[in-house]
Amino acid sequence: MNSMRIYADNAATTAISPAAIDAMLTCMRESDGNPSSLHSAGQKAAEALADARGRIAARLGCEPAELIFTSGGSEADNQALRGIAHLGAAKGKKHIISTAFEHHAVLHTLRKLEKEGFTVTLLDVHENGIVTPEEVRAAIRPDTCLVSVMYANNEIGTIQPIAEIGRVCREAGVLFHTDAVQAVGHLPIDVKAQNIDLLSLSAHKFHGPKGTGALYVRKGIYLEPLIEGGAQERGRRAGTENLPAIVGMAAALDEACDHLDEYTARLIPLRDRLIAGLSRIPHAVLNGDAKQRLPGNVSFCFEGIEGESLLLLLDDKGICASSGSACTSGSLDPSHVLLAIGRVHDVAHGSLRLSLGADVTEEEIDYLIQAVTETVAYLRSISPVWRDLQRGVRDYIIA
Ligand SMILES: *Cc1c(COP(=O)(O)O)cnc(C)c1O
């Protein structure tokens, strides 16, 4: 039972796949030119870049020219929001709709845009962690230039009705962006069929390298670049391309998409076994819809404990987990995602996110259940809050 090591923090980052490493090494050894150079070394690099772009585009259902390579998901989100905001402003449309549980790359960019004179409506999220197309429709105004709703949430894993939200936006003539960083490589995606105008992705969330990603921008939409300089990416993002990382991203995405059905079919029963096991802990609640969630995501709140203590003790048991988002660890504020779905502060503090890898085994799931159950019981045994709850001095919030 001891000495098991389980990496259950794949929503923070995934291990780079051997196929991606091989592709990157080959690229660094054999295509080390600058893709913008006219000589043969440059042309070889340009061919590798075009090949990677074509393969990634095919996996998203878009054209290669509709992809802009970026330094990752955060840059793609910043570029999408700022680019569309400025297009909107030029037409006198300065209203943006998004949701209260987006990643900070979206929320903080929106906060900046508000300071620059834009108006932002953040839609409330239901307790099940899902935003409805009707709510998006009701929030659209004549001056709305953009709707941005994430594909799948990075903390609670809930999947949004993206195609339907996209249809609502199309009908209203409003551009639609989705932060699909948690979805690409994990869920089927077709930007055309799903009415998506802009989509952000990041390689390190699907076993590619860190520091690389892409923004899909539908043909005909011209965004002012975030990074000025050379004419790379058709003048839409300056800077010599990170070719080895882009090639590694293409290899990782091919591998993820080739095995998507198999991994999904394997993971869902294991995820549900973990959810069922952790639901047996008293005064515990699953965060987000039980079914409409990423195949590898399990997120719980346990009353009467601190998530940080739980993480440290689980680490001692060989388990790498998270209390929510990697971006907020170190801060004492409870997760904005958990608050958005209506968890009160005291409950939100006792959160745990386990994001499973596709190779997790049933034995590991059972170890996770046992380790979390024991650790929550131990932390409660030394928790003054739990003692007060047991004595009836304060009331349980989670039934
Ligand atoms: C990880 C993540 C990002 C940021 O991507 P980086 O490549 O790390 O910049 C943005 N949005 C979501 C939903 C994420 O999970």
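Whatever order the structure lists ligands and atoms in, that order sets their numbers, starting from 1. As the structure is a prediction and not an experimental result, all values here were calculated from the model. FYI, the numbering just counts along the sequence from 1.
Scanning all protein heavy atoms for the shortest distance to atom 7 (O) of ligand 1 gives S202 OG, 2.6 Å. Scanning the protein heavy atoms around atom 1 (C) of ligand 1, the nearest turns out to be K205 NZ, 1.4 Å. For atom 3 (C) of ligand 1, the closest non-hydrogen atom of the protein is H103 NE2, 3.5 Å. Ranking the protein heavy atoms by distance from atom 11 (N) of ligand 1 puts D179 OD2, 2.7 Å first.
Within the listing of ligand 1, atoms 13 (C), 15 (O) sit less than 4.0 angstrom from a heavy atom of N154. The contact set between ligand 1 and M150, taken as ligand atoms under 4.0 Å from a residue heavy atom, comprises 13 (C). Atom numbering of ligand 1 starts at 1 in the shown order; those under 4.0 Å from a heavy atom of G72 are 7 (O). Under a 4.0 Å criterion applied to the non-hydrogen atoms of H204, ligand 1 contributes the atoms 6 (P), 7 (O), 8 (O).
Panel note: side chain K205, backbone T13; no donor-acceptor pair is recorded below 3.5 Å.
Residue S74 touches ligand 1 through backbone and side chain together, judged by heavy-atom distances below 4.0 Å. Of all the heavy atoms of E75, none lies under 4.0 Å from any atom of ligand 1, so neither backbone nor side chain is involved. Within the 4.0 Å heavy-atom criterion, neither part of K210 lies near ligand 1.
A salt bridge does not link D190 with K192: every distance from a Lys NZ or Arg NE/NH1/NH2 to an Asp or Glu carboxylate oxygen is 4.0 Å or more. Look at E116 and R82 and you find a salt bridge, because one of the NZ, NE, NH1 or NH2 atoms lies within 4.0 Å of a carboxylate O, short of that distance. Between R353 and D9 there is a salt bridge, since a side-chain N of the basic residue sits under 4.0 Å from a carboxylate O of the acidic one. Ionic pairing of K219 and D197 is not present here: no N-O contact between side-chain nitrogen and carboxylate oxygen is shorter than 4.0 angstrom. In summary, D346 and R394 engage in a salt bridge, as defined by a charged side-chain N under 4.0 Å from a carboxylate O. A salt bridge does not link D143 to K94: none of the charged nitrogens lies less than 4.0 Å from a carboxylate oxygen.
On a distance-only criterion, G73 and ligand 1 share at least one N/O pair closer than 3.5 Å.
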Determine, stepwise, if the pair F302 / W386 fulfils ring-ring contact (aromatic ring centres under 6.0 Å, His included). CA-CA 11 Å; F302 303 106; W386 185 253; over 10 Å; no
